[in-house]
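Computed from heavy atoms alone, side chains included, the values below leave out hydrogens, waters and symmetry copies. Below, chains carry the letters A, B, ... as their sequence lines are ordered, and counting in each starts from 1. Quick caveat: nothing in here was measured; it's all calculated off a predicted structure.
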Number of protein chains: 2
Amino acid sequence: MDVARVAGVSRQTVSNTLNSPEVVREETRRHVLEVVERLGYRANQAARQMRTGRSRLIAIRIDPGGDGISGTVMDAFLHGLTESAARAGYRVLLYTAADDRGEIATFEDLLGSYEPDAFVLTATHHGDLRTAWLLERGLPFVAFGRPWSDPDGTSDPDGARHSWVDVDGAAGTAAATRHLLAAGHRRIGFIGWPAGSGVGDDRRAGWARALAERGLPGEGLSRAVEDGVDSGAAAARDLLATGAGVTALVCASDSLALGALGADGPGHLGGDPGVAGAGRTAVIGFDDTPVARAVGLTSVRQPLAEAAGVCVDLLTRTLGQAPRPAEHVLLEPTLTLRRSA
Amino acid sequence: MDVARVAGVSRQTVSNTLNSPEVVREETRRHVLEVVERLGYRANQAARQMRTGRSRLIAIRIDPGGDGISGTVMDAFLHGLTESAARAGYRVLLYTAADDRGEIATFEDLLGSYEPDAFVLTATHHGDLRTAWLLERGLPFVAFGRPWSDPDGTSDPDGARHSWVDVDGAAGTAAATRHLLAAGHRRIGFIGWPAGSGVGDDRRAGWARALAERGLPGEGLSRAVEDGVDSGAAAARDLLATGAGVTALVCASDSLALGALGADGPGHLGGDPGVAGAGRTAVIGFDDTPVARAVGLTSVRQPLAEAAGVCVDLLTRTLGQAPRPAEHVLLEPTLTLRRSA
DNA sequence: TTGAAAGCGCTAACAA
DNA sequence: TTGTTAGCGCTTTCAA
């Protein structure tokens, strides 16, 4: 070790200065630190890992764009994770997997080779093979996303046994609905997905709750369709045609909201304003994707970087010490206001 | 080493079987391999790295969503990279950095600690500090994206000295334009970005080339605006109002195309079809983002997974052997046809 | 408070 | 073709 020679101490003292500073005399420590800085010394990770058994690596699966929480959401979360991890002295390692079994195979592979200190799981679900496998072996991990209960309401027993971080979707749609209420709307519709998806049901519940708070009825003002612009447009047309006097729409996704915007006429989307009956309906989307910004759509924004930060916190807090009880963190989303509402 | 004991050979023979199979007798090799498989043995990466100096890690920066090639494009590329890397026996390590200098600092940090075998650079540019730094030290890397020349046309001397992989944007817009020509359009406009951005100029050039091939004039049919739905809509209205009889538009991005779609009336975007003069203009976007799929926009699709695969190929080909001359690969994009054109 | 010795699991070089 | 030896750079004992 070069540093030791230059600083005139033993290699051991250098190691101590870096890992157990309290053990080294103040003066020596400062001197060693100065030399470390000057020489740009970095402890070799492989050697350290070999000795300590810790890799300072956090592994996470990256989904193919298209399904799951991929696209912008995954991107922002990954960025936040990488940044938070770096601050805590960790790096992020990527892997792919087609399904639960494939992911478990990758766990085995990774654990035997790169030995990541922890995993971050996304898209946990009822009867998740991965959580069971990791729990069984006492391996550290956090889930981003609550393990939603079965469609029939049975909640996953594993869900309570591991830590997770999630964004409170219901709070988001409730905030959106309250924003519309504050703007004077009274007949507010909701366009979401068919019942059974935890995330979707949660978002619908927030809308219903906010209406209920004000004693307003929601019956007949909700539509459940597959995600997509076309289905969003169809649902919006349907809701606006009921004669119930719907003046505003909360949507479970930006795709649905984009459709609703289009169905409402060219008033949004850069068309000529002032056309009869065009673009008068207020619309709020969910996820604040680039599309939302592009078309001026007000949307519920998930605090992804913060969620990633909490994941790292939960993980690193566990890693050094003895196993701690599972923690569950629910983060509040915010509303990004644009001209659509 | 457990495997050695079980297989009844020396630990060295196991290592040889795994790393230099040709050196081990066929029968021994098969036997060892079988035991390795049965025991699920994985060579410890840290130990191997310590001995060989190779980490089997490829590092890449992940950008914050919003600027650069982030969002869907980055996501798909990262996924492809992770998958190709895994196939070649490598893993992908993530890092963040605010600018060139910050990224170089991260190089130093990483090289001293995790020792990645190679870097994949994105968004290389004229006078890139990173390429110069890596080149100077003979560190292996590939760039995803050509190092575009200066606005004044001076090309970066470093650009020729390192390998890069890119997608031929001009070929993409040319294909889009030819598709429109084949559909009978003759007055085809282009909406792109202000001159000076290599990527933007390239995409405009493809449109111009396809028109020139057919002896069709492009003058006055091109608009240069900042990226965004609103500016795309404004540019589209402007082009349609010239009286030149424009019937189709090729756009440098899906955002611009989305605006053009909106400016053209509610015919697209799920609005009522059949409205007078609505949605008759054909529009083609670029990047095939989720929005494109959502609104039925025909768009130029970059072969991102393939690009990532080529990056890994170029890298791994270099890693084992002696340094090779820089290679440059330009990939052809494809057109994803939807109802907008 | 500092130094010396041992060993983490692997593979390159060499010896058998 | 297989086995033995050594050492990669670090940190955890333990002794000074």
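- D:dT2 atom C1' lies 15 Å from atom CD of B:Glu22, rounded to whole Å.
- In this model, a donor atom of one side chain and an acceptor atom of the other lie less than 3.5 Å apart for A:Asp100 and A:His125.
- Protein atom OH of A:Tyr114 is 18 Å distant from nucleotide atom P of C:dG9, rounded to whole Å.
- The interatomic distance linking A:Arg48 (CZ) with C:dG9 (P) rounds to 18 Å, in whole Å.
- For A:Arg29, the CZ atom sits in a packed shell: over 12 heavy atoms of surrounding residues, nucleotides or ligands are nearer than 6.0 Å.
- When the side-chain nitrogen and oxygen atoms of B:Ser15 are compared with OP1 and OP2 of C:dA12, none of them lie within a distance under 4.0 Å.
- The distance between atom CG of A:Leu18 and atom P of D:dT12, rounded to the nearest whole Å, is 12 Å.
- Note that CG of B:Leu139 is 6.0 Å distant from CH2 of B:Trp133, once rounded to the nearest 0.5 Å.
- Each of B:Val142, B:Leu314, B:Asp313, B:Val165 was compared with B:Glu327 under the side chain to side chain contact (heavy atoms under 4.5 Å, CB included) criterion, and only B:Leu314 meets it.
- A close approach under 4.0 Å does not occur between any side-chain nitrogen or oxygen of A:Asn44 and OP1 or OP2 of D:dC10.
- Between the P atom of C:dT2 and the CZ atom of A:Arg29 lies a distance of 11 Å, rounded to the nearest Å.
- Put simply, A:Thr28 has no side-chain N or O that comes within less than 4.0 Å of OP1 or OP2 on C:dT1.
- Rounding to the nearest 0.5 Å gives a distance of 5.0 Å between CD1 of A:Ile60 and CG of A:Leu78.
- Once rounded to the nearest 0.5 Å, the distance linking OG1 of A:Thr72 with CE of B:Met74 reads 13.5 Å.
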For every nucleotide of nucleotides 3-8 of chain D, 5' to 3': is a protein heavy atom under 4.0 Å from its base (B), only from its sugar-phosphate (S), or from neither (-)? BB-BBB
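- The distance from atom CZ of B:Arg25 to atom C1' of D:dT2 is 9 Å, rounded to the nearest whole Å.
- Taking atom CD of A:Glu115 as the reference point, atom P of C:dC8 lies 14 Å away to the nearest angstrom.
- Among the nucleotides C:dT11, D:dT12, D:dT2, the one closest to any side-chain atom of A:Thr52 is D:dT12.
- Taking only side-chain nitrogens and oxygens, A:Tyr41 comes nearer than 4.0 Å to OP1 or OP2 of D:dC10.
- A straight line from CG of A:Asn19 to C1' of C:dT2 spans 16 Å, rounded to a whole angstrom.
- Checked for salt-bridge contact, B:Asp117 and B:Arg56 miss the test: no charged N lies under 4.0 Å from a carboxylate O.
- Nucleic acid contact for A:Val24: sugar-phosphate only, since backbone atoms but no base atoms lie under 4.0 Å from a heavy atom of the residue.
- Axis orientation changes by 40° from one end of the helix from C:dT1-D:dA16 to C:dA16-D:dT1 to the other, with each end axis drawn from 5 pairs and the value rounded to 10°.
- Using a 4.0 Å cut-off between charged side-chain N and carboxylate O, B:Asp128 and B:Arg130 make a salt bridge.
- Look at A:Glu34 and A:Arg30 and you find no salt bridge, because none of the NZ, NE, NH1 or NH2 atoms lies under 4.0 Å from a carboxylate O.
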